[in-house]
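Working notes, structure below.
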Amino acid sequence: MSKVLIIGHKNPDTDAIASAISFAYLQNKLGVESEAVALGEVTEETQYALSHFDFKAPRVIQTAANETSQVMLVDHNEFQQSVLDIGEVEVLAVVDHHRVANFETINPLYYRAEPVGCTNTIILKLFKENNIIIPKNIAGLMLSAIISDTLLFKSPTCTDEDIKAAKELAEIAETDINTYGLELLKAGTNLSHKSANELLDMDAKSFPMGNKNVRVAQVNVVDVNDVFAKQSELEATMVELSLVNQYDLFILVVTNILDSDSVILAIGNPIEAVEEAFNIILNNNKAVLEGVVSRKKQIVPQLTEVLAR
């Protein structure tokens, strides 16, 4: 059997990278030769976590079938978010915490999905179920993922299981959750040097909603003006990317991690669906979304409900 590649989603965030690394470690301990790979360069936040716990970023791949026949997916299942040639390889396993959509396999597989705030919360359970000891640095990386995905437990996606897992991993990693957590989140908010294209691509996912193709990008900041100083450039780039990639709607969610609010910027058609989904009126293509921080729970379901009618 060729080496199994462990793959997180495109435009990887901290959970996608940490899940690939932690799950690959687990698989190797279970006797499955595995390698964590990435579908894009890591973010500043993720690099902070990797450096802090002495890891190198996984190598980036564009295709998988040229080097393996089997993969395992972490932190995603939707094929449009996966490796380009996902249809040419066998998916052996999925570990995820998102909705299930646009996903099918020829053969049976191991599928573990739970409604928690972070994939690494599930992977911690898998370590314990298989009686595999978690090394200190792996625990630290898994903790980083939970902090990132739950915005240090402020996100509505956060569950008691995530908090419990974070505390357990912090003890193994000998890391103070609050001190390290704030440092980690702030590491990902320095966006002043980012171009519009980089801002729109660093954490973006595509979703089929009804008969529409919707692109939803999200960035975390401590001052939303750092992003909206480039609004005209952002809008022009959103239009260009929509034409090239056939997005009907392109949405950017700029989340203030300190206030736990977001500002939405929307371009495309039907734009009125955005206003209906969030009960807002767009002014200059943007509006404040009070208390909204989660794309998975507070953006995608609401838009899907409106566009699927």
Side-chain angles (χ1 to χ4, degrees), residues 1-40 42 46 50 55-135 137-139 141-142 145-146 149 161 165 169 205-208 296:
M1 184 176 68
S2 60
K3 178 169 59 177
V4 176
L5 297 183
I6 313 295
I7 303 173
H9 56 73
K10 293 177 181 176
N11 300 319
D13 56 11
T14 301
D15 191 28
I17 296 296
S19 293
I21 292 173
S22 60
F23 195 58
Y25 179 89
L26 175 62
Q27 289 302 315
N28 279 300
K29 285 294 184 181
L30 294 174
V32 179
E33 185 182 0
S34 306
E35 180 190 359
V37 294
L39 299 184
V42 301
T46 306
L50 290 168
F55 283 96
K56 289 184 178 180
R59 66 185 176 93
V60 177
I61 65 168
Q62 300 299 321
T63 57
N66 57 307
E67 57 179 295
T68 187
S69 60
Q70 298 176 316
V71 301
M72 296 183 182
L73 308 182
V74 290
D75 199 31
H76 76 295
N77 67 81
E78 298 187 47
F79 278 7
Q80 75 273 11
Q81 296 176 10
S82 199
V83 68
L84 291 173
D85 58 351
I86 186 66
E88 299 176 31
V89 292
E90 181 183 7
V91 180
L92 294 178
V94 174
V95 182
D96 192 19
H97 69 129
H98 296 94
R99 70 177 191 175
V100 180
N102 188 26
F103 176 84
E104 62 180 7
T105 61
I106 296 175
N107 298 318
L109 74 161
Y110 178 85
Y111 200 107
R112 182 76 169 259
E114 298 184 17
V116 293
C118 180
T119 305
N120 274 277
T121 298
I122 306 170
I123 294 176
L124 171 60
K125 295 180 182 181
L126 295 175
F127 270 97
K128 295 164 75 171
E129 289 167 9
N130 287 282
N131 296 313
I132 303 296
I133 296 173
I134 305 176
N137 61 340
I138 292 280
L141 205 57
M142 294 171 69
I146 297 174
D149 261 19
E161 289 188 54
L169 291 165
K205 294 181 179 179
S206 299
F207 300 91
K296 182 177 75 173

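Note that the structure is a prediction, hence the values are computed from the model and not measured.
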Subject >> Donor-acceptor under 3.5 Å (Thr68 side chain, Lys3 main chain) >> reply: yes

**OP:** Could you list all the ring pair (Phe, Tyr, Trp, His ring centres under 6.0 Å) pairs where at least one residue sits in residues 63-97, not counting sequence neighbours?
**Re:** Phe79-Phe103

Original post:
Tell me the ring pair (Phe, Tyr, Trp, His ring centres under 6.0 Å) pairs involving residues 9-34, sequence neighbours left out?
Top reply: none

Subject >> Leu5 side, atom CG; Glu35 side, atom CD - distance, nearest 0.5 Å >> reply: 6.0 Å

**OP:** Measure the CE-OG1 distance between Met142 and Thr14 for me, rounded to the nearest 0.5 Å.
**Re:** 14.0 Å

Where do [X] and [Y] come nearest, in terms of heavy atoms and distance?
| X | Y | result |
| --- | --- | --- |
| Ala64 | Val83 | N-CG2, 3.9 Å |
| Ser69 | Ser2 | N-OG, 3.4 Å |
| Ile17 | Ala38 | CD1-CB, 3.7 Å |
| Pro58 | Ala36 | CB-O, 3.5 Å |
| Ala16 | Val74 | O-CG2, 4.2 Å |

Taking the side chain as every heavy atom from C-beta outward, state whether [X] and [Y] have any pair of such atoms under 4.5 Å apart.
| X | Y | value |
| --- | --- | --- |
| Tyr111 | Val100 | yes |
| Val71 | Val91 | yes |
| Ile21 | Leu50 | yes |

List for me each residue that meets side-chain contact (heavy atoms from CB on, under 4.5 Å) alongside [X], sequence neighbours excluded, and say none if there are none.
| X | result |
| --- | --- |
| Ala65 | Asp85, Glu88, Val89 |
| Lys10 | Leu39, Leu84 |
| Pro208 | Glu78, Gln80, Arg99 |

Quick one: side chain to side chain donor-acceptor pair (under 3.5 Å) partners of [X], sequence neighbours excluded?
| X | answer |
| --- | --- |
| Asp96 | Asn77, His98 |
| Asn130 | none |
| Gln62 | none |
| Asn66 | Thr63 |

Identify all side-chain donor-acceptor contacts of residues 117-128 below 3.5 Å with residues at least two apart in sequence or on another chain.
unit_1 : atom_1 : unit_2 : atom_2 : d
Thr119 : OG1    : Asp15  : OD2    : 3.1
Thr119 : OG1    : Asp75  : OD1    : 2.9
Asn120 : OD1    : Ser22  : OG     : 2.9
Asn120 : ND2    : Asp15  : OD1    : 2.9
Asn120 : ND2    : Ser19  : OG     : 3.0
Thr121 : OG1    : Asp162 : OD1    : 2.6
Lys125 : NZ     : Glu114 : OE1    : 2.5
Lys125 : NZ     : Glu161 : OE1    : 2.4
Lys128 : NZ     : Glu168 : OE1    : 3.2
Lys128 : NZ     : Glu168 : OE2    : 3.3

Original post:
What salt bridge (charged side-chain N to carboxylate O under 4.0 Å, His left out) pairs are there with at least one residue in residues 60-72, not counting sequence neighbours?
Top reply: Arg59-Glu67

**OP:** Would you sort out whether Leu26 and Ile138 count as a side-chain contact (heavy atoms from CB on, under 4.5 Å), showing the intermediate values?
**Re:** CA-CA 10 Å; Leu26 175 62; Ile138 292 280; over 6 Å; no

**OP:** Can you sort out the partners of Glu129 under salt bridge (Lys or Arg N to Asp or Glu O under 4.0 Å), two or more places apart, ordered by chain and number?
**Re:** Arg112

Subject >> Residue among Leu73, Ile7, Thr105 satisfying side chain to side chain contact (heavy atoms under 4.5 Å, CB included) with Ile86 >> reply: Leu73

